[in-house]
Protein chains: 2
Amino acid sequence: MTTRRDAVHDTLRRSEGFRSAQDVYAEMRLHGAKIGLTTVYRALQALADGGQVDVLRTDEGESVYRACASDTHHHHLVCRRCGRTVEVDGPAVERWAETVGSEHGFTEITHTVEVFGTCSSCSAPARTG
Amino acid sequence: MTTRRDAVHDTLRRSEGFRSAQDVYAEMRLHGAKIGLTTVYRALQALADGGQVDVLRTDEGESVYRACASDTHHHHLVCRRCGRTVEVDGPAVERWAETVGSEHGFTEITHTVEVFGTCSSCSAPARTG
DNA sequence: GGAGATTTTGACAATCATTTTCATTCTGCA
DNA sequence: TGCAGAATGAAAATGATTGTCAAAATCTCC
Ligand SMILES: [Zn+2]
Ligand SMILES: [Zn+2]
Ligand SMILES: [Zn+2]
Ligand SMILES: [Zn+2]
């Protein structure tokens, strides 16, 4: 029934970092999967709605998805060079967001927090020669 | 020389919350300004590059800009209903981002942090009648 | 097993913010 | 005044995402 959705989910699981719908589609076609772009978009959205994958927006405005190991609320440390992603936890940030929101009379507080950097592999000294 | 850019900046300053390029353009035309959409986009980008305005992406992927009072690093508490924005500070978050990044061997760490909620005006009880 | 109802799929067209193009209009300066 | 280079903006191009709709798959009840 959700054959396609599972296939999309699997493809995502095989990826290291965040991937766009277009990426996933290309990847699947490359491996011979018979699926349409529309269906990939729908599957990704459904997975995101169901909380099975995480979404974030790139600087270029593209939505990218990732099948995370943790199924509880968490954030991401993403290498801006290679995309390698680490799932991180930040109780202090959670508290801070709630506090700062309440202090100003806001309710139903949510937050987006992403950390970017250059991972150790990518920051290895460039060859001088 | 930067007449247009200043006009765009002024329009932004008159706004309460974040505004899209399209919004700013419409607003300016409404008030009789003679300016093209392309120029608004260019001005907004230049202002953002120069750090004179802050940018963020909406859920719908639109870039929105705001002329903030603070010229130092800060974050935003945004009403998801009316867009009213409060500039907030979060030393704990700054430290956390740096720490979590270093712990995983990442360098040149940056972060995006935005808090959303419903402001007191917008959460006023809906009329029962 | 089968007919009809219901859901899922995907090729294609449509949308829409943003970017490019490129010809025209400024600007500073000799 | 006259010109090189920057700024401007109308119109076309781009490109991710969404809408459409008919065909295909799946389910439901007999
Ligand atoms: Zn995650
Ligand atoms: Zn959090
Ligand atoms: Zn509000
Ligand atoms: Zn910060």
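Every chain is numbered from 1, with letters handed out A, B, ... down the list of sequences.
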Enquirer: Rounded to the nearest angstrom, tell me the gap between atom CZ in Arg42(A) and atom P in dA25(D).
Expert: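 In whole Å, dA25(D) P and Arg42(A) CZ are 16 Å from each other.
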Enquirer: Charged N to carboxylate O under 4.0 angstrom, Glu108(A) versus Arg81(B)?
Expert: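 Salt bridge flag = no for Arg81(B) with Glu108(A).
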Enquirer: Output the rounded distance in Å from NZ (Lys34(B)) to P (dT8(D)).
Expert: 12 Å
Enquirer: Provide, to the nearest angstrom, the distance between the CD1 atom belonging to Ile35(A) and the C1' atom belonging to dA24(D).
Expert: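 Spelled out: CD1 on Ile35(A) to C1' on dA24(D) is 15 Å.
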Enquirer: Quick one: Asp23(B) CG to dC16(C) P, roughly how many Å, whole number?
Expert: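 My rounded result for the distance is 15 Å.
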Enquirer: What is the distance, rounded to the nearest whole Å, between atom CG of Asp59(A) and atom C1' of dT19(C)?
Expert: 17 Å
Enquirer: With sequence neighbours left out, write down each residue that passes side chain to side chain donor-acceptor pair (under 3.5 Å) with Thr110(B), or none if nothing qualifies.
Expert: Arg80(A)
Enquirer: Any side-chain N or O of Arg5(B) below 4.0 angstrom from OP1/OP2 of dA7(D)?
Expert: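 No, outside the criterion.
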Enquirer: Could you tell me the separation between the CZ atom of Arg4(A) and the P atom of dT7(C), rounded to a whole number of Å?
Expert: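 Going from CZ in Arg4(A) over to P in dT7(C) covers 18 Å.
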Enquirer: Tell me the interatomic distance from Tyr25(A), atom OH, to dT18(D), atom C1', rounded to whole angstroms.
Expert: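 For the pair Tyr25(A) OH and dT18(D) C1', the rounded distance is 16 Å.
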Enquirer: Can you name the atoms? Protein N/O to nucleotides 14-17 of chain D N/O, anything below 3.5 Å, with the distance.
Expert:
| unit_1 | atom_1 | unit_2 | atom_2 | d |
| --- | --- | --- | --- | --- |
| dT17(D) | OP1 | Ser63(A) | N | 2.8 |
| dT17(D) | OP2 | Tyr41(A) | OH | 2.7 |

Enquirer: Between His111(B) and His75(B), does the ring centre distance come in under 6.0 Å?
Expert: yes
Enquirer: For a quick test of reading the model: is some side-chain N or O of Thr39(A) closer than 4.0 Å to OP1 or OP2 of dG10(C)?
Expert: yes
Enquirer: For Ala92(B), give me all partners under side-chain contact (heavy atoms from CB on, under 4.5 Å), at least two apart in sequence or on another chain.
Expert: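 side-chain contact (heavy atoms from CB on, under 4.5 Å) check on Ala92(B) returns Arg95(B).
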Enquirer: Judged by modelled atom types alone, do Glu114(B) and Thr112(A) share a side-chain donor-acceptor pair under 3.5 Å?
Expert: no
Enquirer: Rounded to the Å, how far apart are Met28(A) CE and dG10(C) C1'?
Expert: 13 Å
Enquirer: In terms of ring plane angle, is the pair Phe18(B) and His76(B) parallel, tilted or perpendicular, where the classes change at 30° and 60°?
Expert: perpendicular
